[in-house]
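See below for the structure under consideration.
The chains referred to below are lettered A, B, ... by the order of the sequence lines, with proteins before strands, and numbering in each begins at 1.
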Amino acid sequence: MTPEQVAQAVADAVSALVAEGAIAVDSVPEARVERPKSREHGDYATNIALALAKPAGRNARDVAELVAARLRVVPGFSAAEVAGPGFINLRLDSAAQGEVARTIVEAGPAWGRGTVLSGTTVNVEFISANPTGPLHLGHTRWAAVGDAIARVLEAAGADVTREFYINDRGVQMDKFGASVMAAANGRPVPEDGYHGGYILDLAAQIVAERPGILDLPDVEQHVAFREAAYAVQLREQQQVLELFRTRFDVWYSEQGLYESGAVERGLARLREQGHMFEQDGATWLRTTDFGDDKDRVLLRANGEPTYFAADTAYYVDKRARGFDLAIYLLGADHHGYVNRLRAVAACAGDDPDRSIEVLIGQLVKITRDGVDIKLSKRAGTIVTLEEVVEEVGVDAARYTLARFPVDSPLTLDVAEMVRATNDNPVFYVQYAHARISSVLRNAHELGIDWLAAEFDPALLDHERENNLLGMLAEFPRVVASAAELREPHRVARYLEDLATAYHRFYDVCWVLPRGDEELAGIHVARLWLCAAARQTIANGLALLGVSAPERM
RNA sequence: GCCCUCGUAGCUCAGUCGGAUAGAGCGACCGCCUCCUAAGCGGUAGGCCAUGGGUUCAAUUCCCGUCGAGGGCACCA
């Protein structure tokens, strides 16, 4: 019996009581069925009676007793007890609980997938770094989390597009080009330019590929360097992200926004909706009508569009491309954008609560042996994504960054990440997977075909088996809540708990026949349980973009 | 000054759409491998859940104030 079925049984019991007139309420309040923290409180517990007591004008424990009495006779339940202020603690019989293993094995890779977001087309935009340098550890967090959010949304049934917005236009690009050009000509990089060591490499690479570039007049040379350096940098970012197993469906160029006419179309859309006005020679968007602190300039007095105009056009373009929901993953240094982006959606005629969502991620604080490191492309003190991958590996890096909620500040010690890779919880989870794989391999070598043998779930009645089964049954709910809350870290935390449940089971419950022991029903049942656990861990790790090794 | 996010074990952090004795990892200490992977399991030590009020049958969780940390407040990008 799955938690959903338990919840259904509780709901049915309450409806029956209401129909009989045993409990008088206008509507049945929402109640929760959850796994109690303490196993003494049963396999599942519900607070339905506490929620029902007030509207029914009854004592909570009395209501609980009425509901419990009905649940006791439902097949699959072995106990229903009233406890504390009015909780109902439920126990399943081992056959009902054990059936979960069969459900999981039969579902395979589809186990955990759901439909809560079916029919929703979502655009998830993340990283969107300037193509003026390598991606660093800060971006790495958005890569890991953004990709995991996309995966989790897909698991919940959404149609997801991963998108990277390339800021390939404007002042920063010019400074970048000027920096590379200066380096190539042996001149000092401008004060406000980019000073990282990679600038020199970039300059040398470009000159080697195009020796004539240094003979061009200054203006042309600047453009040539800017474009060449941009191309190299973008390609590098794409390659590194590929290495990090983070693929984007769309790389969207800011420059392209202008070339395709999307900016004009976006402004036209806003004009139609009637939220634009002229003042001091500039064209503004009245975002204050929708919660922004101040109105924003779209076209400067000199006629040039602002960066905000591009942002606006970009949003309108996303909607025009058919996305129901645009999710933006931004760093905390951009949180001032939230209100204005929502205002943009409203100005474009959308309901911001439905069509736009801005997730603010706290910045990663990086230390090395306890000493703060400032990440600055311009100062050249960066820890790149590539270095992180080389030092700790993709799995460990992705997992470490994805196991924390994005809105919590995070301190990572680079030295510790490298030194203590074995302490990374990812290995704990992966180890459980490898361990199970080994057991199943051994079973195969012993000639045991557990999949074809008869599986009697009632045999899984050990406390550790029961606990493991309960954990496994939670997986779909974890995936669904991770998707709805955009919090993939819940999957990671769940996997750690699941791995613990497995290790504890493994420690006490021997799976395979020992020595010349005959194959018995318990061996088969435990193999089904192992297979279910392995499938769940593999599916969960896949949602985080982390591999599930057969051996370690 | 105004706004956003955050304050939980020595350290890094979970938990909190209100629920029954607050958790993990690391670090410290003590146990467990003649047979399925010890990258594991068991145990000990470690907390006024920043602080003061409020709402509630019930607050670490929701609301307000205070203190502290980080970030943001451009016709920059």
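Aromatic ring centres of A:His462 and A:Phe505: separated by at least 6.0 Å.
The separation between A:Tyr502 atom OH and B:A38 atom P is 11 Å, rounded to whole Å. If you measure from atom CZ of A:Arg493 to atom C1' of B:U8, you get 13 Å, rounded to the nearest angstrom. Distance, A:Glu550 CD to B:C36 C1': 16 Å, rounded to whole Å. Atom C1' of nucleotide B:U55 and atom NZ of A:Lys54 are separated by 11 Å, given to the nearest angstrom. Atom CG of A:Asp292 and atom C1' of B:C4 are 13 Å apart (whole Å). One atom, CZ of A:Arg32, and another, C1' of B:G19, lie 9 Å apart when rounded to the nearest Å. Rounded to an integer number of Å, the gap from A:Asp280 CG to B:A74 P is 16 Å. We find that CG of A:Asn424 is positioned 17 Å from P of B:U12, with the value rounded to whole Å.
Residue A:His41 has no polar side-chain atom (N or O) positioned under 4.0 Å from OP1 or OP2 of B:U21. One finds a side-chain N or O of A:Lys294 lying less than 4.0 angstrom from the OP1 or OP2 phosphate oxygen of B:A74. Side-chain N/O atoms of A:Lys37 include one lying less than 4.0 angstrom from OP1 or OP2 on B:A20. Residue A:Arg300 places at least one side-chain N or O under 4.0 Å from the OP1 or OP2 atom of B:C76.
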Could you run down the sub-3.5 Å N/O contacts of the protein with nucleotides 5-7 of chain B?
| residue | atom | partner | partner atom | Å |
| --- | --- | --- | --- | --- |
| B:U5 | O2' | A:Gln362 | NE2 | 3.0 |
| B:U5 | O2' | A:Asp407 | O | 3.3 |

Which atoms of nucleotides 39-43 of chain B (N or O only) lie under 3.5 Å from a protein N or O atom, and what are those distances?
| residue | atom | partner | partner atom | Å |
| --- | --- | --- | --- | --- |
| B:G40 | O2' | A:Arg435 | NH1 | 3.0 |
| B:C41 | OP1 | A:Tyr428 | OH | 2.6 |
| B:C41 | O2' | A:Asp507 | OD2 | 2.5 |
| B:G42 | OP1 | A:Arg504 | NH1 | 2.3 |

Distances under 3.5 Å only, N/O to N/O: pair up the protein atoms with those of nucleotides 27-35 of chain B.
| residue | atom | partner | partner atom | Å |
| --- | --- | --- | --- | --- |
| B:C35 | N3 | A:Arg514 | NH1 | 2.9 |
| B:C35 | N4 | A:Arg514 | NH1 | 3.2 |

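The side chain of A:Ser438 lies closest to B:C36, out of B:A20, B:C36, B:C76. Relative to the side chain of A:Ala83, the nucleotides B:A20, B:C36, B:G19 differ in distance, and B:A20 lies closest. Picking from B:C36, B:G19, B:U21 the nucleotide with the shortest atom distance to the side chain of A:Val439 gives B:C36. Comparing atom distances between the A:Thr306 side chain and each of B:C75, B:U21, B:G19 picks out B:C75 as nearest.
Taking every heavy atom of both residues into account, A:Ile448 and A:Pro513 meet most closely at CD1-CD, 3.8 Å. Here the shortest heavy-atom pairing between A:Arg91 and A:Glu40 reads NH2-O, 3.1 Å. Residues A:Cys509 and A:Arg526 come closest through the heavy atom pair CB-CZ, 3.5 Å.
The residue A:Val511 sits close to a base: some heavy atom pair falls under 4.0 Å. In this structure, A:Ala45 reaches the bases: a heavy-atom distance under 4.0 Å links it to at least one base atom across the strands shown. A:Arg490 comes within 4.0 angstrom of sugar-phosphate atoms only, judged by non-hydrogen atoms across all strands, and of no base. Backbone-only engagement by A:Ala332 is indicated by non-hydrogen atom pairs under 4.0 Å involving sugar-phosphate atoms exclusively. Using a 4.0 Å heavy-atom distance criterion, A:Tyr307 is classed as a base contact. Across all strands, A:Asn89 comes closer than 4.0 Å to base atoms (heavy-atom distances). Within 4.0 Å (heavy atoms only), A:Leu299 reaches no atom of the nucleic acid at all.
We find that the ring of A:His335 and the base of B:G72 do not stack by the test of centres under 5.5 angstrom and planes tilted less than 30°. Judged by centroid separation below 5.5 Å and plane tilt below 30°, A:Phe87 stacks onto the base of B:A20.
Here ring pair (Phe, Tyr, Trp, His ring centres under 6.0 Å) pairs that include residues 288-314 of chain A, with residues two or more places apart or in two chains, are A:Tyr165-A:Tyr314, A:Tyr252-A:Tyr314, A:His275-A:Phe290. For the side chain to side chain donor-acceptor pair (under 3.5 Å) condition, the pairs that include at least one residue of residues 507-522 of chain A, sequence neighbours left out, are A:Glu517-A:His523.
Each of A:Gly170 and A:Arg441 was assigned the nucleotide of RNA chain B with the nearest heavy atom; the assignment lying further toward the 5' end belongs to A:Arg441. Looking at which nucleotide of RNA chain B each of A:Pro85 and A:Phe404 is closest to, the 5′-most match is held by A:Phe404.
Contact check for A:Leu527 versus A:Val511: side-chain heavy atoms found under the 4.5 Å cut-off. A:Lys175 has its side chain out of reach of A:Thr132: every pair of non-hydrogen atoms, C-beta onward, lies at least 4.5 Å apart. Inter-residue side-chain proximity for A:Trp284 and A:Met276 is flagged as unmet; no heavy-atom pair is nearer than 4.5 Å. Contact of the A:Tyr506 side chain with the A:Arg435 side chain is registered, since non-hydrogen atoms from C-beta on lie closer than 4.5 Å. For the pair A:Leu544/A:Leu495, a side-chain contact is recorded, criterion being any heavy-atom separation below 4.5 Å from C-beta on. Counting heavy atoms from C-beta outward, A:Glu487 and A:Arg493 have side chains that stay 4.5 Å or more apart. Here the side chains of A:Leu451 and A:Trp528 are in contact, with some heavy-atom distance below 4.5 Å.
Remark: the backbone N or O of A:Gly42 is not paired with any side-chain donor or acceptor of A:Asn89 at under 3.5 angstrom. A donor-acceptor distance shorter than 3.5 angstrom exists from the side chain of A:Asn59 to the backbone of A:Asp62, with no hydrogens or angles considered.
Side-chain atoms of A:Asp497 stay outside donor-acceptor range of the base of B:A14, with no qualifying N/O pair under 3.5 Å.
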**Request:** Could you summarise the pairing of RNA chain B as dot-bracket text, marking Watson-Crick and G-U pairs under 3.5 Å with ( ) or [ ] inside the strand and | across strands?
**Result:** (((((((..((((.....[...)))).(((((.......))))).....(((((..]....))))))))))))....
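None of A:Glu125, A:Glu163, A:Glu357 except one satisfies the side chain to side chain contact (heavy atoms under 4.5 Å, CB included) rule with A:Ile327; the exception is A:Glu357.
An anti orientation is assigned to B:C57, its glycosidic angle lying beyond 90° of 0.
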